[in-house]
2 protein chains.
Amino acid sequence: MSDDLRRNMALFPIGIVMKLTDLTARQIRYYEQNDLIQPARTEGKQRLFSFNDVDRLLEIKALIEKGLNIAGIKQVLQMQEPAMEQTEISTTSEEKRKDMSDKELHQLLRQQIMYRDASRHGEGALIRGELSRFFH
Amino acid sequence: MSDDLRRNMALFPIGIVMKLTDLTARQIRYYEQNDLIQPARTEGKQRLFSFNDVDRLLEIKALIEKGLNIAGIKQVLQMQEPAMEQTEISTTSEEKRKDMSDKELHQLLRQQIMYRDASRHGEGALIRGELSRFFH
DNA sequence: CTTTCTGTGTAATATTATCTAACATCTATT
DNA sequence: AATAGATGTTAGATAATATTACACAGAAAG
């Protein structure tokens, strides 16, 4: 079983994720609604989160605290998934990317990141992989 | 945060543990009832399992498949937790241990393990830590 | 061979956790 | 002041889990 697959196993219900990330259920669902995460579902439609999902939520939280809005976060996260196979869903974001040159994109990012200093919420650095170090 | 603490964090509901271990809820609860595991509980009294709990359940399953009964499994697991601080609960098992010399204990184990060959259920080796290698 | 015990299946009922949807609130922007 | 974005809150519905009791098959003991 590949490492990637392991980290993508749907394991946690939302209650656990709330504690792990210190986000509310409302926030988590809102981020899903805005396509920042796509947690798996049980047969009964309850969300199940993977390690990768939790990592991503921690990133989202850090970016929120930096003052980024949903659109900005979407751009940042999208940049971190460079090589991705074509799917119906990813095609949409592909189109959006084509509408914007790299220069424009970077400009947007710089603008949003500088926009609000957010009174320094400690360790603003991206923490992708934080959770996987948290456990082992 | 210590490694030990991380592996003891209560994370999984019983439904996930069922899939991870391929045990039924009935089995898991029965093993708890017989003090083979002590999963944490939510405020609402629902069980929450840690990595260590799941590892232990995998061990229990392997021993069950070898033909051990609950009492035998309890002895084996107890031997694997050699140094443990005194608590009200552990005191009980301490007393039991005092009633039995090492020789007697080993004899019991050999007897039970040899008792039934269980038609070779592949890789009978103990798999403590199996889950932690499964993820990372 | 019958009886007893052990480990597990199953069903009923109660409670907890999560879901969706709607409306409220707060802050920043226009 | 008005609008929009992000989150809080509430209500009602559904899913997941808890507990308990009874059933049952196979092993153990007689």
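Computed from a predicted model, the values in this text were never measured in an experiment. Numbered from 1 within each chain, the chains take letters A, B, ... in sequence-line order.
Here the nucleotide nearest the side chain of I14(A), chosen from dG7(C), dA6(D), dT18(C), is dT18(C). When the nucleotides dA18(D), dG9(C), dT17(D) are ranked by their closest atom to the side chain of R41(B), dA18(D) comes out on top. If you check dG9(C), dT18(C), dG8(D) against the side chain of R26(B), the one that comes closest is dG9(C).
At least one side-chain heavy atom of V54(A) sits less than 4.5 Å from a side-chain heavy atom of T21(A).
To the nearest angstrom, P of dA16(D) lies 22 Å from CD of E43(B). For I28(B) and dT8(C), the CD1 to P distance is 11 Å, given to the nearest whole Å. Computed from coordinates, the L68(A) CG to dA6(D) P distance equals 11 Å when rounded to whole Å. Between the CZ atom of F49(A) and the P atom of dA17(C) there is a distance of 16 Å, rounded to whole Å. Between N34(B) atom CG and dC5(C) atom C1' the separation is 13 Å, expressed in whole Å. Rounded to a whole Å, the CG atom of N69(B) is 11 Å from the C1' atom of dC5(C). Per the geometry, CD1 belonging to I64(B) stands 13 Å off P belonging to dT6(C), to the nearest Å. To the nearest angstrom, P of dA17(C) lies 16 Å from CD1 of I16(B).
Residue whose closest nucleotide on DNA chain D sits further toward the 5' end, between R47(B) and K45(A): K45(A). Nearest-nucleotide positions on DNA chain C place Y31(B) closer to the 5' end than the other of P13(A) and Y31(B). Nucleotides of DNA chain C nearest to Q27(B) and Q46(B) differ in position, and the one nearer the 5' end is that of Q27(B).
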Practice problem: Mind running side-chain contact (heavy atoms from CB on, under 4.5 Å) on E32(B) and Q38(B) for me, showing each step along the way? | Solution: CA-CA 6 Å; E32(B) 179 190 25; Q38(B) 294 88 33; 6.0 Å; no
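Between R7(A) and D55(A) there is a salt bridge, since at least one side-chain N of the basic residue sits less than 4.0 Å from a carboxylate O of the acidic one.
The line from CD1 of I28(B) to CG of L57(B) is 5.5 Å long, rounded to the nearest 0.5 Å. Distance CD1/I60(B) to CD1/I37(B): 5.5 Å, rounded to 0.5 Å.
Residue Y30(A) places at least one side-chain N or O under 4.0 Å from the OP1 or OP2 atom of dA6(D). T24(B) has a side-chain polar atom (N or O) that falls below the 4.0 Å cut-off from OP1 or OP2 of dG9(C). Contact annotation: T42(A) side-chain N/O to dA16(D) OP1/OP2 distance is under 4.0 Å.
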